[in-house]
2 protein chains.
Amino acid sequence: MSKPARHVLPQERTSKNMKKTSLNDIAERLGVSKTLVSLVLNGRGKEHRISEEVCRKVIELAKELNYQPNQIAKGLRTGKTNTIGLIIADIANPFFGKLGREIENEASKHGYRVMFCSSDEKAEKSKQQIGMLMQGQVDGFIISPPTGSEAQIQELQKRKIPYVLVDRYFPQIESSYIVVDNFQASYDATMHLAKQGYRRIACLSTQSNLINMNQRLEGYKSALADSGLEVLEERIKTVSFTHEKNDILLAIKQLLQEEKERADAILFTTSKIGIMGLECIHSLGVKIPDDVAVVSFDDPDAYRISNPTITAIAQPLTEIGSQSVKVLMELMSPSKEKSKPQKITLKTNFIVRRSSER
Amino acid sequence: MSKPARHVLPQERTSKNMKKTSLNDIAERLGVSKTLVSLVLNGRGKEHRISEEVCRKVIELAKELNYQPNQIAKGLRTGKTNTIGLIIADIANPFFGKLGREIENEASKHGYRVMFCSSDEKAEKSKQQIGMLMQGQVDGFIISPPTGSEAQIQELQKRKIPYVLVDRYFPQIESSYIVVDNFQASYDATMHLAKQGYRRIACLSTQSNLINMNQRLEGYKSALADSGLEVLEERIKTVSFTHEKNDILLAIKQLLQEEKERADAILFTTSKIGIMGLECIHSLGVKIPDDVAVVSFDDPDAYRISNPTITAIAQPLTEIGSQSVKVLMELMSPSKEKSKPQKITLKTNFIVRRSSER
DNA sequence: CTGAAAGCGCTTACAG
DNA sequence: CTGAAAGCGCTTACAG
């Protein structure tokens, strides 16, 4: 009885990893089948009425051999990876970093891990990243989709791959999403400035047609109108993602210096712009809030230790994170195949600090 | 000729995913073997002298069917996942967020993805996370090991699982690591304060015996000694990870108010402590640098927009990130099985700003 | 109560 | 130049 020739893997196992124990090892040592071991170790022993005696033995040996089920093999068999793909603009941006952390926490409660990709707000990048992760690596996605990524999202839709959008969405595509009420947040912030007596309120935003940014602009404009203030196009500046630093300096100079009617307040629509904007303001020697008041979306650490402290529109990151995971979990559960997309809009938290005092 | 009964997966495939195309689909449609298709699609057609005609056909059909190789299946077969496990304290902490981003960038150049876990500096957490990811999910680890995680690292060592440590390491364990010269950085920063004429220089650090923190303390003490200044234990305060906020406020009060000989400068050994510390200092109405000078490790955005701007010890995050991936890649390459651990110490960048001006 | 067998989608040593 | 077959480590429908 000659054994059939054993195939040898390219990376020889023996030197590496000291041969991890597999289901088979346990089965052989105990003289039972893999089936039984698998059942027992998955806690389905009782249900299959396997004797307590046998169960105990299996569990003991598994512990002794420090058995760790190979998730890859499990994944191949079951079609589940227990992994979420997270596509955001930049994990180094504290806004997304904090969001990522909240998603990690909630995912972990459901037994899920997360894989992240930074798209830098570039549609080509997110397309490549989604494509890569779609190759059987993740069970679903949480995505903050960049400008121009509609087709990718539609592709996910078409392929019935579970996903939820965060921070922004595409109105023409039926998706689940978790966002904040950007219009209201922006409206309230601008009203606050107007009530404090500021008359020449400017807005510095990003050059994108993403819905969240558009809504922030609209909220700003509406508040001006409702306060009897004029909406001047030259007080609305937008900056690109790529040359942000220069663009912002230029915009702020125009807002504060070159015009006759210089702005007496600025609304920043993201913390990234806000932080750079504040640097520019300081470098120009302009005083906050005496020369110009400042309000910004998001609430990074920097705004609390800034002097003066910066009035902020804080987003409920914990809730955005946990809700996005929860909704994704529902989409991924086999039972709820036909459930409607969930569209969740959360309130922001307006924190008045010294930068907008009169 | 009755077909053998086809097994049906629990999650019925037909409704989901519209049956992704597999190697087999292509092979069948073309009337060739899976082997051939696999070879061609992996660019090994020439090498195996498969006719150009056939190669072209395979590649064409693959494109047409939008074939995406199933990475899980590939992983099971080859034992490689092309994924790195990243264990850091907290992805929401901008220091680790930026590091994560750099690691992501470099990993992507090598065709790798990254999975992150936040350990909150808790050994139990990192143990659980490493254990989870070790179940065939990642090819190697980049870890910022918390206090008390020596055994976990030794376990990786024992199992010959590739890993590299960042930010800190355990001197008693032979590992590859990428760190900065913490002693020198701290020494230089303290000397800078001494040269500016500050005499009562305090240090606020974390309650941990991690080597990086110890070295920062040692650098501080050495510089005091070399400047002819006394090292007073009551000027060295440490705070726990859990109650940081309260601890810091208390420590700063003690440093600045309750003592007769109040501190005239403070060295913060992390940006997390630094940011909270600055908040406390502001809330106490103490002026920087007139009442107390400030220097901090790390260089978050906050330090540039703070008023005054904060003198910082910036770590070369790009290089730490890229080096850690490069070293890990070497460890994971089958050729270099026996190479010695790489121990890399990088220089920090001292940025003098207004918070330490005299 | 338990086991033999199929199969997830790949890669690769081997044979021709 | 090409294919049949084994096998990575699991899970599960089916048979007894």
Side-chain angles (χ1 to χ4, degrees), chain A residues 3-13 17 19-28 30-55 57-58 62 67-82 135-137, chain B residues 3-13 17 19-28 30-55 57-58 62 67-82 135-137:
Chain A
K3 267 191 164 175
R6 198 178 157 265
H7 285 241
V8 175
L9 280 179
Q11 312 96 293
E12 188 38 72
R13 273 300 173 90
N17 298 13
K19 182 81 175 101
K20 279 193 71 176
T21 65
S22 75
L23 263 192
N24 224 344
D25 300 332
I26 299 180
E28 276 182 7
L30 251 35
V32 297
S33 72
K34 290 190 296 178
T35 309
L36 188 150
V37 178
S38 170
L39 253 23
V40 171
L41 260 21
N42 284 323
R44 302 174 55 193
K46 263 237 162 94
E47 165 190 335
H48 283 252
R49 286 178 289 181
I50 293 167
S51 75
E52 291 208 0
E53 173 74 16
V54 176
C55 285
K57 271 195 195 163
V58 169
Y67 171 70
Q68 309 272 39
N70 181 323
Q71 297 296 333
I72 293 291
K74 195 170 187 167
L76 179 58
R77 177 61 228 243
T78 61
K80 296 252 312 161
T81 59
N82 282 297
Q135 304 173 15
Q137 310 245 57
Chain B
K3 267 193 166 179
R6 195 174 160 270
H7 285 243
V8 175
L9 280 178
Q11 313 96 293
E12 188 39 70
R13 274 298 172 91
N17 298 15
K19 181 82 175 100
K20 278 193 68 173
T21 65
S22 77
L23 264 192
N24 225 344
D25 299 333
I26 298 180
E28 275 182 9
L30 250 35
V32 297
S33 71
K34 288 191 297 179
T35 309
L36 189 150
V37 178
S38 170
L39 253 22
V40 170
L41 259 22
N42 284 322
R44 300 173 58 192
K46 261 238 165 91
E47 168 189 335
H48 282 252
R49 284 178 290 181
I50 292 166
S51 73
E52 292 207 359
E53 172 74 17
V54 176
C55 285
K57 271 196 196 161
V58 169
Y67 171 68
Q68 309 273 39
N70 181 323
Q71 297 296 334
I72 294 290
K74 195 171 186 166
L76 180 57
R77 176 61 227 241
T78 62
K80 297 254 311 163
T81 59
N82 282 297
Q135 303 172 17
Q137 310 243 58

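Chain A is the first sequence line, chain B the second, and so forth, proteins listed ahead of strands; every chain is numbered from 1. Just so it is clear, the model here is predicted, and its values are computed rather than measured.
- Between the P atom of dA13(C) and the NZ atom of Lys34(B) lies a distance of 16 Å, rounded to the nearest Å.
- Minimum heavy-atom separation, Gln137(B) to Thr81(B): O-OG1, 3.3 Å.
- With rounding to whole Å, Arg49(B) atom CZ is found 14 Å from dG16(C) atom C1'.
- The NZ atom of Lys20(B) sits 13 Å away from the C1' atom of dC8(C) (whole-angstrom rounding).
- Atom OH of Tyr67(A) and atom P of dG9(D) are 10 Å apart (whole Å).
- Remark: Arg77(B) is not in phosphate contact with dC8(C), judged by side-chain N or O atoms under 4.0 Å from OP1 or OP2.
- At a cut-off of 3.5 angstrom, counting only N and O atoms as typed in the model, there is no donor on one side facing an acceptor on the other between the side-chain of Thr35(A) and the base of dT11(D).
- The interatomic distance linking Asn42(B) (CG) with dG9(C) (C1') rounds to 13 Å, in whole Å.
- Remark: dC14(C) base-pairs with dG3(D). Criterion, Watson-Crick or G-U wobble with two distances under 3.5 Å.
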For this session: Take Gln71(A) and Gln135(B), measure what side-chain hydrogen bond (donor to acceptor under 3.5 Å, both in side chains) needs, and give me the verdict at the end.
Result: CA-CA 6 Å; Gln71(A) 297 296 333; Gln135(B) 303 172 17; 2.7 Å; yes
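- Checked against Leu36(B) for a side-chain contact (heavy atoms from CB on, under 4.5 Å), the options Ile50(B), Leu41(B), Leu23(B) give a single hit: Ile50(B).
- The separation between Leu23(A) atom CG and dG7(C) atom C1' is 16 Å, rounded to whole Å.
- Nucleotide dA13(D) holds its P atom 9 Å from the NE2 atom of His48(A), rounded to whole Å.
- Taking the nucleotide of DNA chain C with the nearest heavy atom to each of Leu39(B) and Ala73(B), the more 5' of the two is matched to Ala73(B).
- One atom, NZ of Lys74(A), and another, P of dC10(D), lie 9 Å apart when rounded to the nearest Å.
- Other residues, nucleotides and ligands contribute more than 12 heavy atoms inside 6.0 Å of the CD atom of Glu47(A).
- A close approach under 4.0 Å does occur between a side-chain nitrogen or oxygen of Ser33(B) and OP1 or OP2 of dG3(D).
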